[in-house]
Amino acid sequence: MRKIVILIVGLVFVGALAWGQHFYAVHYSRAGGQDLEISLCNTTGKDSSYTIRAYDPWGKPLWEATGVLRPHNAAFHLIGNQVPEKETNWGVLVVDSQEPLVLGLEYSAKGRLHSVDIVSTVVPAREAGTAFQVAGYYSQVPDSFMALAVMNPWDQAVSGRLVVYKSDGSVAYQGDISLAAYESNSYSLAKLVGEDVTLWGLVEVVTDGAPVVMAAKLLIGGVLQVKNVIGALRVVVQPAAPTPPRKV
């Protein structure tokens, strides 16, 4: 059973538009008493129609709504009013709008606000033959607990690799990832790299043809923080060095 835990991270680069409009994707969870109130703020002087959809970790649609925002107006949706509490009810929440938006995200657990995030970065458009990197900071030191949610906001499968680097640049973990349409997966840093005072640095996901989004959750001192990593860098994947000919 897929179950999200917790994490933290940094934002990377603003990408291009998806679907010819403005496309956003963030994490939500209704597991373990968690909830999300999302506010959609129209930043322009024009009306903006929008669609918002929530999926479970396997990409099954759980809820959809549409609306129109007047210029500089805002609307909010409490996900708990639409998606019931359940350990498997978490994943990616996507928003498609005519005009640019600012998303205000208020994460709570058992009715208490614990984290606020603000997202205005669109998900970069898909591009065949292009590698996309999403990267952030992690810290798996004593007395903290982190997890990473990797989410596919697209209607097609995405594959790539997840790499966790130590602060000296050496690899602490690497593995392949494969996500079906709108599918999400969670990775406990404790299980991937363990715990040590030297375990902090860079975590990255590199995918082929379409970018994913990440959410980072950190639980430290009983306080939960949630940060979404939306931006993606287009990267050039270096080819493997040629193998020298064997001597005969």
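If you read the sequence from its start, that first residue is 1, and numbering goes on from there.
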- [ ] Evaluate the side-chain proximity of Asn228 to Leu105: yes if any heavy-atom separation is below 4.5 Å, no if none is.
- [x] yes
TODO: Can you see which heavy atom on Ala172 is nearest to which on Lys166, and at what distance?
DONE: CB-CG, 3.9 Å
Open item on the list: Give me the atom names and distance for the closest heavy-atom approach of Ser120 to Val102.
Closed with: CB-CG2, 4.1 Å
Open item on the list: Test of understanding: with salt bridge (Lys or Arg N to Asp or Glu O under 4.0 Å), list the residues that count as partners of Glu106, not counting sequence neighbours.
Closed with: none
- [ ] Of all the heavy-atom pairs spanning Leu93 and Trp63, show the shortest one and how long it is.
- [x] CD1-CZ3, 4.3 Å
TODO: For residues Gln140 and Asp196, determine if any side-chain heavy atom of one lies less than 4.5 Å from a side-chain heavy atom of the other.
DONE: no
Open item on the list: Do the side chains of Glu87 and Arg30 get close enough for a salt bridge, i.e. N-O under 4.0 angstrom?
Closed with: no
TODO: For Val150 and Tyr187, run side-chain contact (heavy atoms from CB on, under 4.5 Å): C-alpha distance rounded to whole Å, both residues' side-chain angles, the deciding distance at 0.1 Å, then the answer.
DONE: CA-CA 8 Å; Val150 181; Tyr187 301 87; 3.8 Å; yes
- [ ] Say whether, by atom type as modelled, one donor and one acceptor occur between the side chain of Asn152 and the main chain of Ala180 under 3.5 angstrom.
- [x] yes
- [ ] For side-chain contact (heavy atoms from CB on, under 4.5 Å), just list the numbers for Asn185 and Ile177, CA-CA rounded to whole Å, side-chain angles, deciding distance to a tenth of an Å, and then say yes or no.
- [x] CA-CA 9 Å; Asn185 211 342; Ile177 64 169; over 6 Å; no
Task: Euclidean distance, Lys86 NZ relative to Ser29 OG, rounded to 0.5 Å - done: 13.0 Å
- [ ] Give a yes or no on whether the backbone of Ala210 and the side-chain of Thr207 come within a donor-acceptor separation of less than 3.5 Å.
- [x] yes
TODO: Using the test salt bridge (Lys or Arg N to Asp or Glu O under 4.0 Å), find all partners of Asp47 that sit at least two apart in sequence or belong to another chain.
DONE: Arg70
Task: Test item: Trp58 and Ser184 side chains (from C-beta on) under 4.5 Å apart, heavy atoms - done: no
Task: Members sharing Leu202's hydrophobic cluster (side chains within less than 4.5 Å) - done: Val163, Tyr165, Val171
- [ ] Look up atom CG in Leu36 and atom CG in Leu78, then write down how far apart they are to the nearest 0.5 Å.
- [x] 8.0 Å
TODO: Quick one: pull up CH2 in Trp200 and OH in Tyr137 and give me the separation to the nearest 0.5 Å.
DONE: 7.0 Å
- [ ] Could you walk me through whether Gln98 and Ser48 pass side-chain hydrogen bond (donor to acceptor under 3.5 Å, both in side chains), step by step?
- [x] CA-CA 5 Å; Gln98 273 185 307; Ser48 181; 5.0 Å; no
Open item on the list: Grouping I, L, V, M, F, W and Y whenever their side-chain heavy atoms are under 4.5 Å apart, do Leu148 and Val164 come out in a common cluster?
Closed with: yes
Open item on the list: Holding to ring pair (Phe, Tyr, Trp, His ring centres under 6.0 Å), I want the full list of residues that pass it with Tyr55, two or more places apart in sequence or in another chain.
Closed with: Tyr182
Open item on the list: Give me the atom names and distance for the closest heavy-atom approach of Met151 to Gly91.
Closed with: SD-O, 3.5 Å
TODO: Would you tell me whether Asn42 and Asn73 have side-chain atoms, one donor and one acceptor, within less than 3.5 Å of each other?
DONE: no
TODO: Measure the spacing between NZ of Lys227 and NE2 of His27 and express it to the nearest 0.5 Å.
DONE: 13.5 Å
Open item on the list: Do Val116 and Val226 make a side-chain contact, defined as non-hydrogen atoms from C-beta onward lying under 4.5 Å apart?
Closed with: no
Open item on the list: To the closest 0.5 Å, what do you measure between CG (Leu199) and CE (Met146)?
Closed with: 11.5 Å
Open item on the list: So Leu162 and Leu192, do their side chains get closer than 4.5 Å, heavy atoms only?
Closed with: yes
TODO: Using modelled atom types only, decide if a donor and an acceptor are shared between the side chain of His114 and the backbone of Leu224 within a distance under 3.5 Å.
DONE: yes
Task: Smallest separation among heavy atoms of Ser97 and Tyr24, with atom names - done: OG-CE1, 3.8 Å
TODO: Begin with the C-alpha distance, continue with both residues' side-chain angles, and end with the deciding distance and a verdict on side-chain contact (heavy atoms from CB on, under 4.5 Å) for Val95 and Leu103.
DONE: CA-CA 9 Å; Val95 178; Leu103 277 56; 4.3 Å; yes
Task: Whether Asn89 side chain and Pro84 backbone form a donor-acceptor pair below 3.5 Å - done: yes
Open item on the list: With a 3.5 Å distance limit and no angle check, can you tell me whether Glu99 reaches the backbone of Thr44 through a side-chain donor-acceptor pair?
Closed with: no
TODO: Apply side-chain contact (heavy atoms from CB on, under 4.5 Å) to the pair Val134 and Val213, showing each step before the final yes or no.
DONE: CA-CA 7 Å; Val134 180; Val213 294; over 6 Å; no
Open item on the list: Once you measure the plane-to-plane angle for Phe23 and Trp154, does it fall in the parallel (<30°), tilted (30-60°) or perpendicular (>60°) bin?
Closed with: tilted
Open item on the list: Can you confirm whether Met214 sits close enough to Val205 that some side-chain heavy atom of one is under 4.5 Å from a side-chain heavy atom of the other?
Closed with: yes
Open item on the list: Restricting to salt bridge (Lys or Arg N to Asp or Glu O under 4.0 Å), what partner residues turn up for Glu127, sequence neighbours left out?
Closed with: Arg234
Open item on the list: Would you say that Tyr50 contacts Thr66 through its side chain, given a criterion of any heavy-atom pair below 4.5 Å between the two side chains?
Closed with: no
Open item on the list: Between Gln82 (side chain only) and Ile79 (backbone N and O only), is there a donor and an acceptor less than 3.5 Å apart?
Closed with: no
Task: Pairing residues for Ser159 by the side-chain hydrogen bond (donor to acceptor under 3.5 Å, both in side chains) criterion, not counting sequence neighbours - done: none
Open item on the list: I'd like to know if Arg126 pairs up with Asp155 as an ion pair, taking the criterion as any Lys NZ or Arg NE/NH1/NH2 lying under 4.0 Å from an Asp or Glu carboxylate oxygen.
Closed with: yes
TODO: Considering non-hydrogen atoms only, spot the tightest contact between Ser39 and Phe76 and give its length.
DONE: OG-CB, 3.7 Å
TODO: Answer yes if Phe132 and Val122 sit in the same cluster of Ile, Leu, Val, Met, Phe, Trp and Tyr residues linked by side chain heavy atoms under 4.5 Å apart, and no otherwise.
DONE: no
- [ ] Would you check if Val26 and Tyr28 make a side-chain contact, meaning some heavy-atom pair closer than 4.5 Å?
- [x] no
